[in-house]
Amino acid sequence: QILSTLFRVVSIDSFCREILVLGGVETMIHWVQNGQKNEVKDSACGVLLALSENSSVDDLFVCQSLLAFLQRLSLSVPNVSPELLSCLSVVCSKSEKARAHFVQQSGLSSILPIIRRFLTSVHPPRTELMTATIDLFWSTLNEKENIKVFTGMGGVEVLLDILACKPVPAIQNQITRFLGDLTKAPSAVRAIHQWKGKSDQNVVNLLLSLWADE
């Protein structure tokens with residue numbers, strides 16, 4: 001009930017500024033990460049997004065706070081909240097400044113270990129965490145320069161390696177659509193073309209294999 005009330009008042013500039021002064025962003029992040037009930041997490045996400053859309057708030061502020069919190073976590077363990085990643089994804093998708101900040105402050109390399117665990121861990125991330133992480137990558141890679149950073153750290157190869165493992169349809173479909181969007185950047189096209197899987201499998205063989213399985 002408290003979160004619902006906060007959601008209604010953050011559109012009022014004076015209340016919004018008061019919430020920021022009192023550390024409201026950090027409190028909402030805590031509830032998104034640690035809330036026991038989905039409705040609490042969803043409401044806290046709603047407040048964060050409403051704050052990011054208020055004209056009196058720098059559109060970088062929520063992104064900075066979310067990224068700083070994520071970088072304090074050990075992102076190689078499976079306790080990162082998918083809702084937190086989804087919230088950051090929405091913020092980045094709406095703001096070019098937020099996307100630039102995320103990439104410049106090593107946001108991409110901070111979350112890449114989450115999906116790498118799919119390949120290296122006996123306990124891979126849950127589907128919800130995988131899809132939320134991939135969606136966050138997707139929302140921050142609208143610009144070709146950002147895609148170049150992603151390909152430079154081996155992001156395209158990781159996505160293709162995951163595809164080669166034939167994950168559940170939700171992950172498989174998301175990655176194939178994401179890779180299609182990445183091809184607007186020459187750096188991603190080169191990485192896709194140069195990828196080699198097991199037994200020298202190339203991307204054409206991989207896609208044909210996935211299509212044959214459908």
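The analysis underlying the following values was restricted to heavy atoms, covering all of them including side chains, and did not include hydrogens, waters or symmetry mates.
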task: Kindly determine whether C63 and K97 satisfy side chain to side chain contact (heavy atoms under 4.5 Å, CB included), including the steps that lead there.
output: CA-CA 9 Å; C63 177; K97 287 200 298 183; over 6 Å; no

S209 (side chain) donor-acceptor with N205 (main chain) under 3.5 angstrom: no

message: Here's a test for you: under side chain to side chain contact (heavy atoms under 4.5 Å, CB included), which of T183, D161, T151 qualifies with V156?
response: T151

message: Working note: W138 + R177, criterion side chain to side chain contact (heavy atoms under 4.5 Å, CB included); need CA distance, chi angles, decisive distance, verdict.
response: CA-CA 10 Å; W138 203 341; R177 294 197 306 271; 3.4 Å; yes

- prompt: S95 side chain to C92 main-chain N or O, any donor-acceptor pair under 3.5 Å?
  reply: no

statement: Taken to the nearest 0.5 Å, the spacing of I111 CD1 from R116 CZ works out to 12.0 Å

query: Between CG of L207 and OG1 of T176, what distance do you get to the nearest 0.5 Å?
result: 8.0 Å

message: I'd like to check F150 versus L159 (side-chain heavy atoms, cut-off strictly below 4.5 Å). Are they in contact?
response: yes

- prompt: How are the rings of F137 and F178 set to each other: parallel, tilted or perpendicular (split at 30° and 60°)?
  reply: parallel

- request: Would you check, one step at a time, whether the test side chain to side chain contact (heavy atoms under 4.5 Å, CB included) holds for L179 with V203?
  value: CA-CA 11 Å; L179 287 169; V203 71; over 6 Å; no

field: Sole residue of V189, L182, D181 in side chain to side chain contact (heavy atoms under 4.5 Å, CB included) with I147
entry: L182

- prompt: Side chains of S110 and Q71: donor-acceptor distance under 3.5 Å anywhere?
  reply: yes

task: Return yes if a side-chain donor-acceptor contact under 3.5 Å exists between W195 and N202, otherwise no.
output: no

- request: Verify, without hydrogens or angle tests, whether S81 (side chain) and L84 (backbone) share a donor-acceptor contact under 3.5 angstrom.
  value: yes

field: Those residues that, when tested against K144, pass salt bridge (Lys or Arg N to Asp or Glu O under 4.0 Å) (two or more places apart)
entry: none

field: Flag for Q201-S199: side-chain donor and acceptor within less than 3.5 Å
entry: no

- prompt: Is there a donor-acceptor contact under 3.5 Å linking the side chains of S139 and S93?
  reply: no

D135 vs T131, side chain to side chain contact (heavy atoms under 4.5 Å, CB included): CA-CA, chis, key distance, verdict: CA-CA 6 Å; D135 192 54; T131 55; over 6 Å; no

statement: Exactly one candidate in P125, P124, P167 meets side chain to side chain contact (heavy atoms under 4.5 Å, CB included) with M130; the answer is P125

